[in-house]
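In what follows, a single structure is set out as structure tokens and then discussed.
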Amino acid sequence: REWRDLASAQAEYRRLEAQIVAKLLAVHARALDRLQQAVRERTEQGRPFEEFRELYDLWIECGEEIYAEVARSEEYCRLQAALGNASIELRAQQQKVLERGLKYFDLPTRSELNSVHRELRALRERLAELEVRLPRQAPSANNTTRATRARASQQASKRTSKRASK
């Protein structure tokens, strides 16, 4: 089912993407038509281009005019919105397939990592709250705590090595 949903989401995205590309190709064609018309008018007025840059600037101006007309249209706005929604749906379907694959291979999934990250953040916030509430201990107490931890770590290592030697 997930693969079928992914294929469906991909097909919808590609269909909408093709429509956007067709619109943009039409913009390009219309911009070239408008450029041709502008060049013809300028030639008829006896104002030839002195530099290539002038022709380039005119081409850009024509393209921007046509694109602005298309981009402001209701149809293009709906198409852009539909493509955005299809993109989000495609990403969600890809994520579902990926999550299933990761679970199949007993690897952590994105949702599991997000959950662990949220828990870790909550624990850090809680620790920060507790550190603020606790009175500051003298440096010697910190050293004692470190020494106690070091002894506990050494004792745990000794127990582990005794078990391993049995």
Side-chain angles (χ1 to χ4, degrees), residues 1-31 56 59-166:
R1 167 140 172 97
E2 288 157 350
W3 285 101
R4 186 175 50 233
D5 292 345
L6 175 62
S8 175
Q10 267 183 324
E12 178 65 6
Y13 178 81
R14 285 186 181 155
R15 183 184 70 77
L16 293 167
E17 184 180 42
Q19 288 180 10
I20 288 278
V21 168
K23 289 278 184 203
L24 294 177
L25 287 174
V27 166
H28 183 68
R30 287 179 55 199
Y56 176 78
W59 175 59
I60 295 296
E61 185 179 313
C62 292
E64 287 177 347
E65 285 175 20
I66 298 297
Y67 181 75
E69 289 173 16
V70 171
R72 290 186 192 120
S73 73
E74 187 71 26
E75 179 186 5
Y76 188 78
C77 290
R78 279 196 204 109
L79 188 56
Q80 279 281 42
L83 183 64
N85 291 337
S87 173
I88 292 168
E89 178 62 22
L90 176 59
R91 172 96 166 93
Q93 294 304 324
Q94 289 171 335
Q95 193 65 36
K96 284 180 184 177
V97 169
L98 183 60
E99 290 254 340
R100 179 176 275 249
L102 290 171
K103 284 180 183 177
Y104 180 79
F105 290 108
D106 199 27
L107 294 170
T109 64
R110 164 77 80 181
S111 56
E112 290 171 338
L113 290 176
N114 287 345
S115 175
V116 168
H117 185 260
R118 280 190 299 275
E119 286 181 43
L120 179 60
R121 187 175 343 137
L123 288 172
R124 284 182 177 160
E125 290 170 359
R126 180 70 178 137
L127 178 61
E129 289 173 13
L130 291 174
E131 286 175 341
V132 167
R133 288 184 190 171
L134 288 177
R136 293 266 184 227
Q137 295 182 349
S140 61
N142 283 338
N143 291 337
T144 305
T145 305
R146 285 190 194 127
T148 305
R149 280 193 218 133
R151 279 194 301 276
S153 176
Q154 288 173 351
Q155 290 172 353
S157 296
K158 287 178 186 177
R159 284 193 299 266
T160 305
S161 59
K162 284 180 185 178
R163 285 186 201 137
S165 64
K166 287 184 181 180

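Quick note: residue numbers are just sequence positions, from 1. What you see is a predicted model; the values in this text were computed from it and never measured.
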Straight-line distance of Glu64 CD to Glu69 CD, nearest 0.5 Å:
12.5 Å

Pairing residues for Ser8 by the side chain to side chain contact (heavy atoms under 4.5 Å, CB included) criterion, not counting sequence neighbours
none

Stepwise side-chain contact (heavy atoms from CB on, under 4.5 Å) check, Lys96 with Arg100
CA-CA 6 Å; Lys96 284 180 184 177; Arg100 179 176 275 249; over 6 Å; no

Could you tell me the separation between the CG atom of Leu120 and the CD atom of Glu125, rounded to the nearest 0.5 Å?
10.0 Å

N-O pairing of Glu74 and Arg78 below 4.0 Å
yes

I'd like to know if Arg126 and Glu129 make a salt bridge, using a cut-off of under 4.0 Å between side-chain N and carboxylate O.
yes

Minimal heavy-atom distance between Cys77 and Ala71, with the atoms involved, is SG-O, 3.5 Å

Minimum heavy-atom separation for Val27 to Ile66, with atom names?
O-CG2, 3.7 Å

Check: residues 11-25 side-chain donor-acceptor pairs under 3.5 Å, at least two apart:
{"from": "Glu12", "atom 1": "OE1", "to": "Arg15", "atom 2": "NE", "distance (Å)": "3.1"}
{"from": "Glu12", "atom 1": "OE1", "to": "Arg15", "atom 2": "NH2", "distance (Å)": "3.3"}
{"from": "Glu12", "atom 1": "OE2", "to": "Arg15", "atom 2": "NH2", "distance (Å)": "2.7"}
{"from": "Lys23", "atom 1": "NZ", "to": "Glu75", "atom 2": "OE1", "distance (Å)": "3.1"}
{"from": "Lys23", "atom 1": "NZ", "to": "Glu75", "atom 2": "OE2", "distance (Å)": "2.9"}

Among all residues two or more places apart in sequence or in another chain, which pass the side chain to side chain contact (heavy atoms under 4.5 Å, CB included) test with Asp5?
Arg1, Gln93

Name all residues meeting the side chain to side chain donor-acceptor pair (under 3.5 Å) criterion together with Glu65; count only those two or more places apart in sequence or in a different chain, and write none if there are none.
Arg34

Taking ring pair (Phe, Tyr, Trp, His ring centres under 6.0 Å) as the definition, give me every residue that meets it alongside Trp59, ordered by chain and number, with sequence neighbours left out.
Tyr56

All side chain to side chain contact (heavy atoms under 4.5 Å, CB included) counterparts of Asn114, not counting sequence neighbours:
Arg110, Arg118

Let me confirm one number: the CZ-SG distance from Arg30 to Cys62, rounded to the nearest 0.5 Å.
11.5 Å

